[in-house]
Amino acid sequence: MKLKFNDHLTYLSTGGKNPSSKGQALIFLPGSGQTHLTFVLQTRFLAFEGYSIYAPDFPGHGYSHGEPLETIEEMADWVAQLMNHLKIQSAVLVGHSQGCLVTITLAHKYPELAQKLILIAGALQIRVNDYLLEKSESALSDAISMMTEWGHGKNGHFFSPSQPGHSLLGIGRELMMSNTPKALNADLRACNLFDATNFASELDLPVLCILAKSDKMTPINLGIKMAHTIKDAKFVEIAKSGHMIPLEKPDEVNLEILNFIK
């Protein structure tokens, strides 16, 4: 689904189904250098379960035009404006990694827009390795290779058991190369400068944290700390998965999301 928004072409995945005003709305927000394809196995599953799915590509990412946004706050404001443009009064917000920071900020600034939060492989602070940050500006291909290597668990380095014949590392590289050259560096810098610790405890809505036990990019102890900081948040741990848990363990993630939103 393509639409003109803020003077640019913006792409939204709807999971293969047209959203309905009667269906529960879910908005999926990806991590640094990612696109709607991070959630392809969640959005399609949930769309065919009857939910209204919206998984946008941020400006300069995937199929969306425009310059990449430079701060987490700008990203949260952009999503709020997009929801208003689409006449979505409120939704379940699902974030992965950087998307968790955006989701938490959105729920804090615009509480009326958020019904529930699902935070996948996230933390309240996501500090970025200095070498990776430098490479994302000077040698993009090298930075992408590092992120796909670090971002997947042991099983993710082999052909996907959930998608026979698919290489998750190959998919990850192609996905990140589909963005504008500045997108990854802008995302990583935005994460590096942001801290949601001070206001996360003020959130007052149902929250589920889905964490990966073998996450090298956002270690699980940071995710557990996030869950303990947010009032009444629950967390679940998924074994044998790295940071890219939506693609590595889609069945487990889908079941946790479905149980939580029901």
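All heavy atoms count here, side chains included; hydrogens, waters and symmetry mates do not.
Cluster note: Y11 groups with Y63 through ILVMFWY side-chain heavy atoms spaced under 4.5 Å, whether in direct contact or through intervening members.
M83 and Y51 sit in two unconnected hydrophobic clusters of ILVMFWY residues. Membership requires side-chain heavy atoms under 4.5 Å apart, directly or through other members. M147 and L133 fall within a single hydrophobic cluster, where Ile, Leu, Val, Met, Phe, Trp and Tyr are joined by side-chain heavy atoms under 4.5 Å apart, directly or via other members. Linking Ile, Leu, Val, Met, Phe, Trp and Tyr whenever their side-chain heavy atoms come within less than 4.5 Å puts W150 and V128 in one cluster.
Closest of all the heavy-atom pairs between L211 and I220 is CB-CG1, 3.8 Å. For the pair P56 and L29, the tightest heavy-atom approach, listed with the atom from each and the gap, is CG-CD2, 4.1 Å. In plain terms, the two heavy atoms of I245 and A212 that are nearest each other are CD1-CB, 4.0 Å.
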Take S136 and N185 through the side-chain hydrogen bond (donor to acceptor under 3.5 Å, both in side chains) test and state the conclusion after the steps. CA-CA 5 Å; S136 69; N185 182 259; 2.8 Å; yes

Taking it one step at a time, do V253 and L255 satisfy side-chain contact (heavy atoms from CB on, under 4.5 Å)? CA-CA 5 Å; V253 171; L255 182 60; over 6 Å; no

Passes side-chain contact (heavy atoms from CB on, under 4.5 Å), L12 versus H36? Steps please. CA-CA 8 Å; L12 285 148; H36 69 279; over 6 Å; no

Stepwise side-chain contact (heavy atoms from CB on, under 4.5 Å) check, M1 with L86: CA-CA 12 Å; M1 173 179 171; L86 295 168; 4.1 Å; yes

Using the rule given for side-chain contact (heavy atoms from CB on, under 4.5 Å), can you reason through K225 versus L124, listing the C-alpha separation, both sets of side-chain angles and the distance that settles it, and then say yes or no? CA-CA 8 Å; K225 182 179 178 181; L124 298 177; 5.8 Å; no

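For H8, there are no ring pair (Phe, Tyr, Trp, His ring centres under 6.0 Å) partners two or more places apart in sequence or in a different chain. For R44, there are no side-chain hydrogen bond (donor to acceptor under 3.5 Å, both in side chains) partners, not counting sequence neighbours. Every residue was checked against the ring pair (Phe, Tyr, Trp, His ring centres under 6.0 Å) condition with F194, not counting sequence neighbours, and none meets it. Every side-chain hydrogen bond (donor to acceptor under 3.5 Å, both in side chains) that E202 has, sequence neighbours left out, goes to H108.
Residues F58 and P30 have side chains in contact (heavy-atom distance under 4.5 Å, counting atoms from C-beta outward). Contact of the Y54 side chain with the P19 side chain is registered, since non-hydrogen atoms from C-beta on lie closer than 4.5 Å. Taking the side chain as every heavy atom from C-beta outward, L93 and I104 never approach each other to under 4.5 Å. Counting heavy atoms from C-beta outward, L247 and V40 have side chains that approach closer than 4.5 Å. Looking at heavy atoms from C-beta onward, L26 lies in side-chain contact with L46 at the 4.5 angstrom threshold. Looking at heavy atoms from C-beta onward, I210 lies in side-chain contact with I257 at the 4.5 angstrom threshold.
Between the side chain of H228 and the backbone N or O of M226, no donor-acceptor pair lies under 3.5 Å. For the pair T148 (side chain) and S145 (backbone), a donor-acceptor distance under 3.5 Å is present. Of the possible donor and acceptor atoms, one in the side chain of E248 sits under 3.5 Å from a partner among the backbone N and O of G242.
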List, one per line, each side-chain donor-acceptor pair under 3.5 Å for residues 69-76, sequence neighbours excluded.
unit_1: T71; atom_1: OG1; unit_2: E74; atom_2: N; d: 3.0
unit_1: E74; atom_1: OE1; unit_2: E70; atom_2: N; d: 2.9
unit_1: E74; atom_1: OE1; unit_2: T71; atom_2: N; d: 3.4

Donor-acceptor pairs under 3.5 angstrom involving side-chain atoms of residues 94-102: please list them, not counting sequence neighbours.
unit_1: H96; atom_1: NE2; unit_2: H243; atom_2: O; d: 2.8
unit_1: S97; atom_1: OG; unit_2: H243; atom_2: NE2; d: 2.9
unit_1: Q98; atom_1: OE1; unit_2: S32; atom_2: OG; d: 3.0

Which donor-acceptor pairs under 3.5 Å do side chains of residues 111-122 form with protein atoms, sequence neighbours excluded?
unit_1: Q115; atom_1: OE1; unit_2: Q24; atom_2: NE2; d: 2.8
unit_1: Q115; atom_1: NE2; unit_2: S90; atom_2: OG; d: 2.6
unit_1: K116; atom_1: NZ; unit_2: F260; atom_2: O; d: 2.9

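Within the structure, the side chain to side chain donor-acceptor pair (under 3.5 Å) test picks out no pair touching residues 171-183 (sequence neighbours left out). Among pairs with a residue in residues 75-86, those fulfilling side chain to side chain donor-acceptor pair (under 3.5 Å) read N6-Q81, D77-K109, D77-Y110, at least two apart in sequence or across chains. For residues 207-222, the salt bridge (Lys or Arg N to Asp or Glu O under 4.0 Å) pairs, not counting sequence neighbours, are K213-E237. Annotation: salt bridge (Lys or Arg N to Asp or Glu O under 4.0 Å) contacts involving residues 83-106, sequence neighbours excluded, are absent.
Residue H65 is tested with L9, T10, D7, D57 for a side-chain contact (heavy atoms from CB on, under 4.5 Å); the sole match is L9.
With values rounded to the nearest 0.5 angstrom, L184 atom CG is found 10.5 Å from M177 atom CE. Taken from CG in N129 to CD in E134, the straight-line distance is 10.5 Å, to the nearest 0.5 Å. To the nearest 0.5 Å, the span separating CG on N192 from CG on L132 amounts to 9.5 Å. Remark: I126 CD1 to L193 CG distance equals 12.5 Å, nearest 0.5 Å. With values rounded to the nearest 0.5 angstrom, M176 atom CE is found 5.5 Å from Q34 atom CD.
One finds a salt bridge joining R189 and E137 here, because a Lys/Arg side-chain nitrogen approaches an Asp/Glu carboxylate oxygen to under 4.0 Å.
Using cut-offs of 30° and 60° for the angle between ring planes, the F39 and F28 rings count as tilted.
Within 6.0 Å of CZ on F199 lie more than 12 heavy atoms contributed by other residues, nucleotides or ligands.
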